[in-house]
Amino acid sequence: MVAKEQGLCETELLMRLNFWTEIRTAWCVAELRNITRAAKQLGMHHSSVIRHIDALETELGVKLFQRHSRGYTPTEAGEELLRTASSVDEQLLNLRARIEHSQVQISGRLVLTSVPSLDFTIMPMIARYQRQYPQVEVVYVADPRNFELSLGEAHVALRAGPRSTTPDDIVTPAWDFFPGLYASPAYAERFGLPRNVNELVHHRFIVGNEPAPLAPFTKWLHARLPQSALVLRTSQMSAQYAAIQSGVGIGFLSTRVAPPGMVPVLPDLTPPEWKVQIWMVTHVDLHRSPKVQSLTRFIQQEVKSGRIK
């Protein structure tokens, strides 16, 4: 009797695992809106993806997707299923990570890249990460260009602006970046501060050294200033901060982590195009590795706890 019950339990477990595999397949299709791209990301055959979705719809008795020439769009029932699947998947990943962490020592070289404007946010986060994972050697590269994750140039990328559309990228929204204009007390004492947008042209500014501004807030500034107002160009965030602190000119810093002592310039000026979405990007081949997962999960926890803003 016990053996028979054990056999039934094992059969039920296998059925549940297959059911979850089909849900994750549908989840991937909903994210990518395309069967072919989902099959490539999952490492499955095109027909297997379709079979999983058909089986899941038959099991649930509802249509999860609307099929059309542009791809697959989730129905209302599909959206509800996928919201639940996302929560369950996160819990399973956390469970797997805890098990792996107890069995594998996270160590070695880990390359993290981001845009230079995030330096003051990223450095405290790295310090907290390495207190938890002291055996990891973090290589941090701040660069406005997008590193080629498929070529191994970086393990994790924090990118600003539009969402990556590279098929093999795993892209997760991280947080919103809010920049503001700041000056030092020395600058304010010597040159005063602009009282409105029209007075910006009479002041001195520190900007990046890109051939053309990439960030929406720097585009906004460049469109309103003559070249003579741009007195210092550097793409190194540490150099920009040093220049602002030294009174060379006015520059952009994060409004949420601006260093103490900086004077806000036109603090009520918050054009909606200044807000920038930060994305966390990994390559599909490395996304599930324990070392990469240790950092991506840590960043998500930092954002959720409010330590990264």
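Ring pair F298/Y129 is perpendicular by interplanar angle, where above 60° counts as perpendicular and below 30° as parallel.
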Apply side chain to side chain donor-acceptor pair (under 3.5 Å) to the pair Y140 and S114, showing each step before the final yes or no. CA-CA 8 Å; Y140 176 69; S114 82; 2.6 Å; yes
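Between the side chains of H155 and T282, no donor-acceptor pair of N or O atoms lies under 3.5 Å. In this structure, a donor-acceptor pair under 3.5 Å is present between the side chains of S164 and D169.
Partners of E199 by side-chain hydrogen bond (donor to acceptor under 3.5 Å, both in side chains), not counting sequence neighbours, listed by chain and number: R195. Legend: residues meeting side-chain hydrogen bond (donor to acceptor under 3.5 Å, both in side chains) with Q245, ordered by chain and number and at least two apart, are Y241. For S246, there are no side-chain hydrogen bond (donor to acceptor under 3.5 Å, both in side chains) partners, not counting sequence neighbours.
For F217 and F252, the distance between ring centers is under 6.0 angstrom.
A side chain to side chain donor-acceptor pair (under 3.5 Å) with S48 is found for exactly one of H45, R51, H46, H52, namely R51. Of the candidates E79, K63, Q66, P74 forms a side-chain contact (heavy atoms from CB on, under 4.5 Å) with just one, namely E79.
Of the possible polar contacts, none joining the T113 side chain to the A154 backbone as a donor-acceptor pair under 3.5 Å is found.
Counting heavy-atom neighbours within 6.0 Å of R190 CZ, excluding the residue itself, gives a total of 12 or less.
Pairing each heavy atom of R307 with each of Q301, the nearest pair is NH2-O, 4.4 Å.
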